[in-house]
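Right, one structure below, let's go through it.
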Amino acid sequence: EVQLVESGGGLVQAGGSLRLSCAASGFTFDDYAIGWFRQAPGKEREGVSCISSSDGSTYYADSVKDRFTIPRDNAKNTVYLQMNSLKPEDTAVYYCAADLQILSDYVPRDLDEYDYWGHGTQVTVSS
């Protein structure tokens with residue numbers, strides 16, 4: 001059974017940090033690009049960051065560039081989202097997703113490209 005399980009969300013003050021984890025099982029993790037998306041109340045789901053399957057190519061939304069990073073640990077079947085200098089506008093449910101991209105440096109940005117999704121973890125940033 002394919003599973004993506006997010007963890008690490010919570011309540012943090014503005015300027016603080018959180019590290020989200022996306023633990024994968026049930027598929028060949030190394031063959032998949034992994035993305036992080038978020039959805040705030042009343043808003044559409046948006047892409048935050050993603051990392052390719054092969055060479056570590058990454059994408060960051062302008063709103064998180066220079067604050068967030070997306071390390072990947074294939075030995076642990078896990079991708080992280082390190083979030084620093086958090087702002088109240090980062091408040092959202094954060095989802096990870098997997099897109100089959102064997103031996104590729106392609107970084108999928110569109111949520112419609114993704115095959116599997118986790119259930120999300122809530123991040124709340126207080127001002």
Side-chain angles (χ1 to χ4, degrees):
E1 179 188 4
V2 171
Q3 281 194 319
L4 291 169
V5 180
E6 303 95 337
S7 62
L11 173 64
V12 63
Q13 288 188 331
S17 297
L18 281 175
R19 187 179 79 158
L20 305 184
S21 298
C22 172
S25 61
F27 60 96
T28 306
F29 185 72
D30 296 13
D31 290 341
Y32 283 74
I34 303 295
W36 283 98
F37 295 80
R38 66 186 181 186
Q39 188 164 20
K43 295 188 176 181
E44 293 186 351
R45 194 171 297 188
E46 63 175 1
V48 175
S49 181
C50 48
I51 186 166
S52 70
S53 64
S54 65
D55 69 345
S57 297
T58 56
Y59 159 79
Y60 295 96
D62 288 343
S63 58
V64 307
K65 205 168 290 184
D66 298 327
R67 299 189 298 124
F68 290 10
T69 59
I70 186 170
R72 179 178 185 136
D73 187 342
N74 284 348
K76 295 183 178 181
N77 283 7
T78 301
V79 169
Y80 305 93
L81 186 68
Q82 179 65 46
M83 307 187 294
N84 301 325
S85 302
L86 282 161
K87 304 175 181 180
E89 50 264 44
D90 294 319
T91 295
V93 178
Y94 283 71
Y95 301 88
C96 67
D99 177 33
L100 181 61
Q101 293 287 342
I102 299 173
L103 296 176
S104 173
D105 59 0
Y106 178 65
V107 183
R109 302 184 183 189
D110 189 341
L111 60 87
D112 290 337
E113 299 183 81
Y114 284 81
D115 304 303
Y116 305 122
W117 289 83
H119 292 294
T121 184
Q122 176 70 47
V123 171
T124 303
V125 184
S126 63
S127 57

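None of these values were measured; they are calculated from a predicted model.
In terms of modelled atom types and a separation under 3.5 Å, the side chain of R109 and the main chain of A61 share no donor-acceptor contact. At distances below 3.5 Å, at least one donor-acceptor pair connects side-chain atoms of E6 with backbone N or O atoms of H119. Within the 3.5 Å criterion, the main-chain N or O of S126 finds no donor-acceptor partner in the side chain of Q13. A donor-acceptor contact shorter than 3.5 Å links the side chain of S53 to the backbone of S104. Side chain of Q101 to backbone of D105: no donor-acceptor contact under 3.5 angstrom is found. Panel note: side chain Y60, backbone I70; a donor-acceptor pair is recorded below 3.5 Å. Between the side chain of Y114 and the backbone N or O of P108 there is at least one donor-acceptor pair closer than 3.5 Å. Under the 3.5 Å distance criterion, the side-chain polar atoms of T91 are matched with a main-chain donor or acceptor of V125. Side-chain atoms of D115 come within 3.5 Å of backbone atoms of L100 as a donor-acceptor pair (strictly under, hydrogens ignored). When atom types are taken as modelled, the side chain of S49 and the backbone of Y59 share a donor-acceptor pair closer than 3.5 angstrom.
Other residues, nucleotides and ligands contribute more than 12 heavy atoms inside 6.0 Å of the CG atom of D110.
Among V107, T69, I34, the single residue meeting the side-chain contact (heavy atoms from CB on, under 4.5 Å) criterion with I51 is I34.
Cluster annotation: V2 is connected to W36 through the hydrophobic network of ILVMFWY side chains, with a link wherever side-chain heavy atoms come within less than 4.5 Å. Under a hydrophobic clustering in which Ile, Leu, Val, Met, Phe, Trp and Tyr are joined whenever their side-chain heavy atoms come within less than 4.5 Å, directly or via other members, Y32 and I102 fall into the same cluster. L4 and V93 are assigned to two separate hydrophobic clusters, defined by single-linkage of ILVMFWY side chains at heavy-atom distances under 4.5 Å. Both V48 and V12 are part of a single hydrophobic cluster, where members link through side-chain heavy atoms under 4.5 Å apart.
In this structure, the disulfide (SG to SG under 2.5 Å) partners of C22, at least two apart in sequence or on a different chain, are C96.
The structure places CG of N77 at 9.0 Å from OG1 of T28, a figure rounded to the nearest 0.5 Å. Rounded to the nearest 0.5 Å, atoms CH2 (W117) and CG (D99) are 10.0 Å apart. The line from CZ of R72 to OH of Y80 is 12.0 Å long, rounded to the nearest 0.5 Å. Separation of atoms OG (S17) and CZ (F68) is listed at 9.5 Å; rounding is to 0.5 Å. Remark: D66 CG to N84 CG distance equals 11.0 Å, nearest 0.5 Å. Atom OG1 of T121 sits about 10.0 Å away from atom OH of Y95, to the nearest 0.5 Å.
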Inset, instruction - Please report the C-alpha distance between S63 and R38 in whole Å, then the side-chain angles of each, then the deciding distance to 0.1 Å, and finally whether the side-chain contact (heavy atoms from CB on, under 4.5 Å) criterion is met. - result: CA-CA 12 Å; S63 58; R38 66 186 181 186; 3.4 Å; yes
Legend entry - Residues M83, L20; criterion side-chain contact (heavy atoms from CB on, under 4.5 Å); working and verdict: CA-CA 8 Å; M83 307 187 294; L20 305 184; 3.7 Å; yes
Inset, instruction - Check the pair D62 / K65 against salt bridge (charged side-chain N to carboxylate O under 4.0 Å, His left out), numbers first and verdict last. - result: CA-CA 5 Å; D62 288 343; K65 205 168 290 184; 3.1 Å; yes
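No side-chain heavy atom of E44 sits less than 4.5 Å from a side-chain heavy atom of L111.
A cation-pi arrangement is not found for R45 relative to F37, the charged atom failing to lie both closer than 6.0 Å to the ring centre and inside a 45° cone about the ring normal.
When all heavy atoms are compared, the tightest approach of G35 to C50 is CA-CB, 3.6 Å.
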